[in-house]
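Data first, discussion second: the structure below is written as structure tokens.
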Amino acid sequence: MYKVRLWSVRHSRFMERLYNGVNPAILATLRGVTKVFGTKLDKPITSMEAGLKGFLFDCQMCGNCQLSKTGMSCPMNCPKTLRNGPCGGVRANGMCEVKPDMKCVWVLAWDGAERMKGGDAIHDMEFSGDHRDKGKSTWLKLARDSRPDATVKPMQNTNV
Amino acid sequence: MSKNQLDQSGEVQDVERLGTNPGDPLPMLDGHVSHGRFERVLRAGHFAVTTEIAPPDSADPDEVLVRAALFDGHVDAINATDGSGAHCHMSSLAVCAILTRVGYSPILQISCRDRNRISIQGDTLGAAALGVCNVLTLSGDDVGAGDHPEAKPVFDLDSVSLTKTLRILRDESRFLSGRKLDLPPKLFIGSSINPFVPPIKNRVDQLAKKINAGAEYIQSQYCFDVPMLKDFMARAVDMGLTEKCYILIGVGVLPSARTASWMRDNVPGVHIPDSVIARLKGAEKPLREGRNICVELMQEIKEIEGVSGLHVMAYRQEKWVGDVVKRSGVLEGRVPWSPDHSDTTIGTVS
């Protein structure tokens with residue numbers, strides 16, 4: 001929902017704290033679940049992630065979640081799906097070039113990042129996503145990574 | 001490599017030196033990344049001028065050469081646009097290939113809208129093989145802005161990832177997949193910026209991102225607002241960005257107040273202050289006034305610290321590019337190389 005999405009960016013500091021607080025627990029639970037059930041529960045877990053993140057951020061389930069690095073504004077809502085935006089077409093009132101009724105997701109991203117403790121991560125380049133991961137769960141991907149403190153794995157083939 | 005180190009290697013007399021066939025690549029100078037004349041001009045410390053060619057809606061190569069000849073002796077490089085405004089025209093790669101045959105120094109624009117990473121990497125190798133020495137990465141206008149709004153937008157990469165991709169091709173001599181190249185493309189790699197639209201204060205961060213990804217020069221969107229540009233450039237200089245990258249600022253020739261208002265409302269990312277439109281409206285000869293505005297902007301922008309050149313965009317006003325460049329005096333008497341049109345051997349392969 002667009003309004004909730006805007007709220008999440010306005011409260012990016014709170015969302016960051018929430019994420020940092022619950023993330024280890026979610027990942028630990030998922031590690032346990034995937035150990036016992038293998039891939040059997042992947043579908044409901046993915047639906048849960050899609051539902052929650054969809055409600056809060058209009059998450060598009062790209063499978064390479066960068067929310068904590070983009071001011072809690074999901075870059076996949078950009079009509080050009082720019083992961084290092086914004087483009088040069090942003091309207092003078094900060095609205096999207098393609099969808100004039102939507103605030104540019106990267107105008108929101110820079111704004112949200114400013115309030116976050118780890119907001120500086122927005123300066124780092126994020127290489128364009130792995131399209132094979134579309135529709136897949138980032139949480140499961142992180143949980144299956146052997147390192148408990150792992151962030152999103154760089155794409156295997158890209159090596160950038 | 002810092003810009004200053006490289007400045008010493010580019011001697012003035014080398015700038016215009018050519019091979020025997022104008023289409024042949026120039027010898028690469030120490031510290032340079034391409035065989036091109038455009039890189040030589042910038043690295044030698046000259047104030048550069050580039051412009052934009054409108055690719056024809058035609059399969060006629062002569063049309064490209066006729067359009068390019070308008071700029072002879074006035075510009076150091078010519079950008080070949082890649083489906084600008086999401087309109088279909090002759091491809092930028094083909095325009096560049098025609099231009100390199102007679103020795104012009106084209107800049108291949110690559111937009112992320114129409115091709116994925118497989119296609120873009122392949123085209124980049126092809127472009128270098130055809131003698132292209134400069135590329136410019138862009139996100140690209142949305143398909144909805146053009147004459148084929150029903151087309152599928154690709155945007156597999158974004159302009160920052162694309163810049164990084166080109167650096168990997170050139171510097172690491174490999175595809176993104178890791179597969180090795182036998183010969184990497186020797187390209188001078190640039191990208192675009194628009195300091196005049198939101199988020200204004202983060203636009204300089206966006207510039208830094210592009211430079212970190214590997215941009216060696218930058219061409220900006222139209223500048224009609226000098227105070228805004230001064231703010232932007234001051235921050236870029238403070239952050240040391242102008243030491244790492246050549247920045248060329250875009251200027252435009254506006255034919256009338258009506259066109260200016262239309263552009264402001266309909267062309268994405270174009271910022272034109274009311275004062276400019278009022279000046280055109282009040283002018284007796286708006287066409288001439290539009291050129292006067294451009295000349296004044298060019299002179300003012302040249303004096304701003306950190307600016308290495310100008311990019312003159314004059315869509316449907318191409319015949320006036322030479323006039324504004326000459327009147328502005330920004331080249332300080334330097335005459336950029338242009339082909340000898342009486343040479344009938346041009347473009348032939350021996």
Side-chain angles (χ1 to χ4, degrees), chain A residues 9 60 62 64 66 69-71 73 75-100 102-114 119-132 134 154-160, chain B residues 86 111-113 116-117 138-145 153-165 167-168 172 174-179 191-203 205-206 208-214 220-222 250 264-265 267-272:
Chain A
V9 173
Q60 303 292 315
C62 68
N64 296 276
Q66 302 294 339
K69 297 177 181 175
T70 57
S73 170
M76 301 324 272
N77 284 308
C78 165
K80 301 181 186 176
T81 61
L82 303 181
R83 292 175 81 88
N84 291 285
C87 74
V90 185
R91 289 163 196 264
N93 56 5
M95 302 307 250
C96 170
E97 162 198 338
V98 184
K99 298 180 176 172
M102 183 181 86
K103 195 98 178 165
C104 164
V105 300
W106 278 99
V107 169
L108 292 176
W110 282 99
D111 178 47
E114 216 160 78
D120 276 352
I122 198 171
H123 292 278
D124 303 335
M125 190 194 94
E126 285 301 329
F127 200 83
S128 292
D130 182 335
H131 293 265
R132 291 167 299 184
K134 184 142 178 60
M155 277 177 297
Q156 274 173 342
N157 287 337
T158 306
N159 300 325
V160 282
Chain B
S111 117
C112 300
R113 182 192 56 231
N116 68 9
R117 56 192 92 182
L138 301 150
S139 307
D141 297 313
D142 183 71
V143 290
V154 178
F155 296 111
D156 178 28
L157 300 175
D158 56 58
S159 61
V160 177
S161 301
L162 171 57
T163 307
K164 180 74 190 170
T165 302
R167 286 296 292 258
I168 288 173
E172 299 178 29
R174 65 172 176 91
F175 291 111
L176 285 176
S177 66
R179 204 149 47 79
S191 194
S192 56
I193 50 161
N194 187 358
F196 311 106
V197 290
I200 306 275
K201 67 175 175 178
N202 301 116
R203 286 291 170 179
D205 300 314
Q206 195 64 18
K209 227 175 182 179
K210 293 203 163 177
I211 293 172
N212 287 338
S220 90
Q221 178 59 283
Y222 287 113
R264 184 162 73 168
D265 297 337
V267 182
V270 176
H271 162 74
I272 306 177

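Both backbone and side-chain heavy atoms feed into the values below; hydrogens, waters and symmetry mates do not. Letters A, B, ... mirror the listed sequences (proteins, then strands); counts begin at 1.
Counting heavy-atom pairs closer than 4.5 Å to chain A, the top residue among Val197(B), Asp142(B), Leu162(B) is Asp142(B). Between chain A and the residues Arg113(B), Arg264(B), Gln206(B), the largest count of heavy-atom pairs under 4.5 Å involves Gln206(B). Residue with the most contacts toward chain A among Pro268(B), Ala145(B), Pro195(B): Pro268(B) (heavy-atom pairs, distance under 4.5 Å).
Proximity to chain B (any heavy atom under 4.5 Å) is shown, for Asp111(A), by neither the backbone nor the side chain. Only the side chain of Lys201(B) comes within contact range of chain A, with at least one heavy atom under 4.5 Å from a heavy atom of that chain. Heavy atoms of Asp158(B) lying under 4.5 Å from chain A belong to its backbone as well as its side chain. Contact of Arg203(B) with chain A is made through the side chain alone, with heavy-atom distances under 4.5 Å. Contact annotation for Val98(A): only side-chain heavy atoms (C-beta onward) come within less than 4.5 Å of a heavy atom of chain B.
Remark: Lys209(B) NZ to Glu126(A) CD distance equals 7.5 Å, nearest 0.5 Å. The structure places CG of Leu176(B) at 9.5 Å from OG of Ser128(A), a figure rounded to the nearest 0.5 Å. Atom CG of Asp156(B) is separated from atom NE2 of His131(A) by 4.0 Å, given to the nearest 0.5 angstrom. Taking NZ from Lys80(A) and CG from Asp141(B), the interatomic distance works out to 5.5 Å, rounded to the nearest 0.5 Å. Here the CD1-CG distance, from Ile122(A) to Asn202(B), works out to 7.0 Å after rounding to the nearest 0.5 Å.
Across all their heavy atoms, Met125(A) and Ala213(B) have their closest contact at SD-CB, 3.9 Å. The two atoms that bring Ser139(B) and Cys87(A) nearest to each other are OG-CB, 4.0 Å, heavy atoms only. Summarising the geometry of Phe155(B) relative to Thr81(A), their closest heavy-atom pair is O-OG1, 3.5 Å, with the distance given to 0.1 Å.
Residues Ser161(B) and Asn84(A) have side chains in contact (heavy-atom distance under 4.5 Å, counting atoms from C-beta outward).
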